[in-house]
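Worksheet: one structure, shown below.
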Amino acid sequence: MERKQTNLSVSVDVTKAKDFLAIIDTVGPFVCLIKTHIDIIEDFDSTVIDRLQELSKKHDFLIFEDRKFADIGNTVALQYSSGVYKIASWAHITNAHAVPGPSIVTGLASIGVPLQRGLILLAEMSSKGALTTGSYTEDAVRMARARRDFVIGFIAQHRMETIGASEGDDLADEDFLVLAPGVGLDAKGDAMGQQYRTPEEVVLACGCDIIIVGRGIYGKSDQLNTESVEEQAKRYRSAGWDAYKKRVSLS
Ligand code: 5BU
């Protein structure tokens, strides 16, 4: 983030490998992180991963597969390491629901720690009516604190620092990343329950670190317009980074 002066992560939710790679090559210079849903690519084969890894080196960004694991430890270890996608072999970061309890982190860590991967826990979701509130969020934060060798942060809508802390907990050196999806400068939501807030609200008012932006950058049209993608990436990058600089100058 510091090296490239950006806290923008682009979520590349398109179904054709060609569009997927074209968007990443276009936004690459402006992001710290590319977020993928690799299972929505219709013409997937292993060359897509080779190319994605090349782009990660070319543009200096990390890869985050938004897999949202949610099963028992043994199953998630298999899903993370094996199958068609072999996520652990290429995704620097992945994420998991807290719903199965600490065993999901144990299962994923058995694969991810030896590969120096990082895990994000879902503490709060952006969708309307999400059940990730109150004691659920607190327990997700406690699960993260218990595995700081592997859990590097949260998907959340607010800073999580003091949430779920008990008296006597030493939080002084705690520095979890907070990644916020549901970010848009032009729309307030979509027709399927997504809710958008601006980078200013998310980063400055609520203390999140990284903004995750999908359709705000590449729109919905079938025709990819790389000029407009580049323009939007620059726009979100400066909105996100300005809000971040303001926040750190206040703290
Ligand atoms: P959008 O096009 O900016 O709405 O895409 C948001 C992306 O973030 C999309 O890939 C979702 O799967 C992802 N997401 C989210 O929107 N909200 C959440 O709480 C989580 C992930 Br977790």
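Just follow the structure's listing: the first ligand is 1, and inside any ligand the first atom is 1. For the single chain, residues carry numbers from 1 onward in sequence order.
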- Task: Go through Phe30 and Tyr236 one step at a time and tell me if the ring pair (Phe, Tyr, Trp, His ring centres under 6.0 Å) criterion holds.
- Result: CA-CA 9 Å; Phe30 313 109; Tyr236 277 93; over 10 Å; no
Filter the ligand 1-protein atom pairs down to N or O on both sides and distance under 3.5 Å, then list them.
unit_1	atom_1	unit_2	atom_2	d
ligand 1	2 (O)	Arg215	N	2.8
ligand 1	2 (O)	Arg215	NE	2.7
ligand 1	3 (O)	Gly214	N	2.9
ligand 1	4 (O)	Gln194	NE2	3.0
ligand 1	4 (O)	Tyr196	OH	2.7
ligand 1	4 (O)	Arg215	NH2	2.8
ligand 1	10 (O)	Ser11	OG	3.0
ligand 1	10 (O)	Asp13	OD1	3.4
ligand 1	10 (O)	Asp13	OD2	2.6
ligand 1	10 (O)	Lys35	NZ	2.8
ligand 1	10 (O)	His37	NE2	2.9
ligand 1	12 (O)	His37	NE2	3.0
ligand 1	16 (O)	Gln194	NE2	2.8
ligand 1	17 (N)	Ser126	OG	2.7
ligand 1	19 (O)	Ser126	N	2.8

- Task: Compute whether any side-chain donor of one residue and acceptor of the other, for Glu201 and Thr198, lie under 3.5 angstrom apart.
- Result: yes
- Task: Determine which pairs satisfy side-chain hydrogen bond (donor to acceptor under 3.5 Å, both in side chains) with at least one residue from residues 52-66, sequence neighbours left out, and list them in order.
- Result: Arg3-Asp60, Asp25-Lys58, Asp25-His59, Lys35-Asp66, Thr36-Glu65, His37-Asp66, Arg51-Glu54, Asp66-Lys68, Asp66-Asn95
- Task: Give me the other members of the hydrophobic cluster that Tyr136 sits in, counting Ile, Leu, Val, Met, Phe, Trp and Tyr linked by side-chain heavy atoms under 4.5 Å, directly or via other members.
- Result: Val99
- Message: Could you tell me if Gln194 and Arg215 have a donor-acceptor pair between their side chains, going purely by distance under 3.5 Å?
- Response: no
- Query: Under the 4.5 Å side-chain heavy-atom rule for ILVMFWY, direct or indirect, which residues accompany Leu250?
  - Reply: Leu204
